[in-house]
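Presented below is the structure to which this report refers.
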Amino acid sequence: MRKTRTYKFVSLAIFSGLIAFGFSSCTGSKKDKKADPKVVEETIKEEIEEYSYPIASAFDVANMLNEIEASYIVGISSDPEKAGSYFSEKERAVNLGVYTADLAYATTYNQKSDVQAYFKASETLVRELDLTSAFDEDLADKIEANLDNKDQLVEIITDMFQNAYSYLNQQGRTEVSYLVLYGTVIEGLYLTTHISENTFQNPKLIEAILFQKEPLLKLENMMKTYKDSELLADVYADIVSINAIYALEEGTTSMTKEQVVKLTELLTSVRAKFVQ
């Protein structure tokens, strides 16, 4: 997976470092006038990592489905027309994550009309979550101009959601950022478990399901601090339940039929709580 890009925060961090350095030069002793470049660099690096997108990209999952020649299933994704029907911050954040995965799915399969529809849906929720400051004003034009350039489109959309995650955390809205991540991983796993009626008989689909185990474990660990909060308590419990199914039989290359059935059923019920 390519490295996360958080240009807006990098600029902010560097600018803050320069301000701090300049202030120290004006007020400190002669010995303090020269800040240690290694210290400044390490501080910026730690801050960038803190706000960088922490889990596998939605495109990683979509690419696995595409590479095993799984067909694009029309109607399996969330309805983009429902974007304006979510009214609470929690619903909007989760569904922004859901549309992230759906947009990646449509982009990977070169479904141009769906790409436009899911971008519009995402744009609606971005606006309602007050995240527009995280994006370039000409983002919609860039999407439109690159509908025939899949690689460029993947890069633009990946940056779009990575910047949203970084921006939310910079603004102290960590719980909301986790809701977006939750929606993304739930939808990615939902698509994987529902793209075929014979999931268990397809080793490549099982591999794609197992690929998503690590991000789910990481998300559970990240959310643990907020497990009793009003916003995250129930979604944290969902992640714990999904990970418990993965743990029924530990393995990196295979799953039992019981695991696949339980996971498929759980994803259906979990998703239905938020997706209209």
Side-chain angles (χ1 to χ4, degrees), residues 1-2 55-80 82 95-119 121-122 143 146-158 161 181-217 219 239 242-243 245-246 248-249 251-272 274-275:
M1 187 182 74
R2 72 181 186 82
I55 61 174
S57 164
F59 281 105
D60 291 330
V61 176
N63 280 330
M64 290 190 78
L65 298 179
N66 190 32
E67 286 171 2
I68 63 176
E69 299 183 351
S71 300
Y72 183 82
I73 308 298
V74 177
I76 192 176
S77 305
S78 180
D79 184 353
K82 296 293 182 71
N95 280 283
L96 177 58
V98 169
Y99 286 137
T100 299
D102 293 336
L103 182 53
Y105 181 50
T107 302
T108 300
Y109 279 82
N110 292 309
Q111 300 294 313
K112 296 177 187 177
S113 61
D114 281 356
V115 169
Q116 291 172 307
Y118 283 117
F119 173 73
S122 301
I143 296 288
N146 286 281
L147 285 173
D148 293 317
N149 187 339
K150 178 180 172 181
D151 290 342
Q152 187 64 27
L153 201 58
V154 168
E155 184 172 345
I156 292 169
I157 294 170
T158 299
F161 289 109
L181 291 180
Y182 167 87
T184 301
V185 298
I186 290 299
E187 184 73 351
L189 193 53
Y190 175 85
L191 293 174
T192 308
T193 55
H194 287 75
I195 206 167
S196 169
E197 294 181 357
N198 301 303
T199 303
F200 181 68
Q201 279 75 34
N202 190 324
K204 291 295 185 180
L205 277 179
I206 298 300
E207 183 180 338
I209 292 173
L210 288 169
F211 172 78
Q212 296 169 74
K213 177 180 178 180
E214 184 178 344
L216 282 155
L217 286 171
L219 186 57
I239 297 296
I242 292 170
N243 287 335
I245 293 175
Y246 273 110
L248 285 174
E249 183 169 317
T252 57
T253 59
S254 65
M255 298 179 74
T256 66
K257 186 173 183 178
E258 178 189 17
Q259 282 177 298
V260 175
V261 170
K262 284 188 173 183
L263 194 58
T264 303
E265 293 175 348
L266 180 57
L267 264 295
T268 300
S269 62
V270 163
R271 183 180 185 266
F274 296 102
V275 176

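Counting begins at 1 with the first residue of the sequence.
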Fill in: Working for side chain to side chain contact (heavy atoms under 4.5 Å, CB included), residues Asp114 and Thr107
CA-CA 8 Å; Asp114 281 356; Thr107 302; over 6 Å; no
Practice prompt. Evaluate side-chain hydrogen bond (donor to acceptor under 3.5 Å, both in side chains) for Tyr72 paired with Asn110, printing each intermediate quantity in order.
Written response: CA-CA 10 Å; Tyr72 183 82; Asn110 292 309; over 6 Å; no
Item to complete: Start with the C-alpha gap between Ile209 and Thr199, add the side-chain angles, then the distance that decides, and say whether side chain to side chain contact (heavy atoms under 4.5 Å, CB included) holds.
Response: CA-CA 10 Å; Ile209 292 173; Thr199 303; 3.8 Å; yes
Worksheet item: Given Ser122 and Phe161, is the side chain to side chain contact (heavy atoms under 4.5 Å, CB included) satisfied, shown in steps?
Response: CA-CA 10 Å; Ser122 301; Phe161 289 109; 3.8 Å; yes
Item to complete: Start with the C-alpha gap between Thr268 and His194, add the side-chain angles, then the distance that decides, and say whether side-chain hydrogen bond (donor to acceptor under 3.5 Å, both in side chains) holds.
Response: CA-CA 9 Å; Thr268 300; His194 287 75; 2.8 Å; yes
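Using modelled atom types and a 3.5 Å distance limit, the side chains of Glu187 and Ser78 yield no donor-acceptor pair.
Not counting sequence neighbours, the partners of Glu258 by the salt bridge (charged side-chain N to carboxylate O under 4.0 Å, His left out) test are Lys262. Residues satisfying the side-chain hydrogen bond (donor to acceptor under 3.5 Å, both in side chains) criterion with Lys82, sequence neighbours excluded, are absent altogether. Lys204 is linked by a salt bridge (charged side-chain N to carboxylate O under 4.0 Å, His left out) to Glu207, counting only residues two or more places apart in sequence or in another chain.
Using cut-offs of 30° and 60° on the angle between ring planes, the pair Tyr182 and Phe274 is perpendicular. Relative ring orientation between Tyr105 and Tyr109 is described as perpendicular, the plane-to-plane angle rising above 60° on a 0-90° scale split at 30° and 60°.
For the pair Thr108/Val154, no side-chain contact is recorded, criterion being any heavy-atom separation below 4.5 Å from C-beta on. The closest side-chain heavy-atom distance from Tyr246 to Gln212 is below 4.5 Å. Side-chain contact check for Ile195 versus Leu205: some heavy-atom pair is nearer than 4.5 Å.
For the side-chain contact (heavy atoms from CB on, under 4.5 Å) with Leu191, the lone residue among Ile76, Leu267, Ile186 that qualifies is Ile76.
The shortest non-hydrogen separation linking Asn146 to Gln152 is OD1-CG, 3.1 Å. Shown here for Pro80 and Tyr99, the closest heavy-atom pair between the two residues is CA-OH, 3.6 Å. Between Gln259 and Ile245, the shortest heavy-atom distance links the atoms NE2-O, 2.9 Å.
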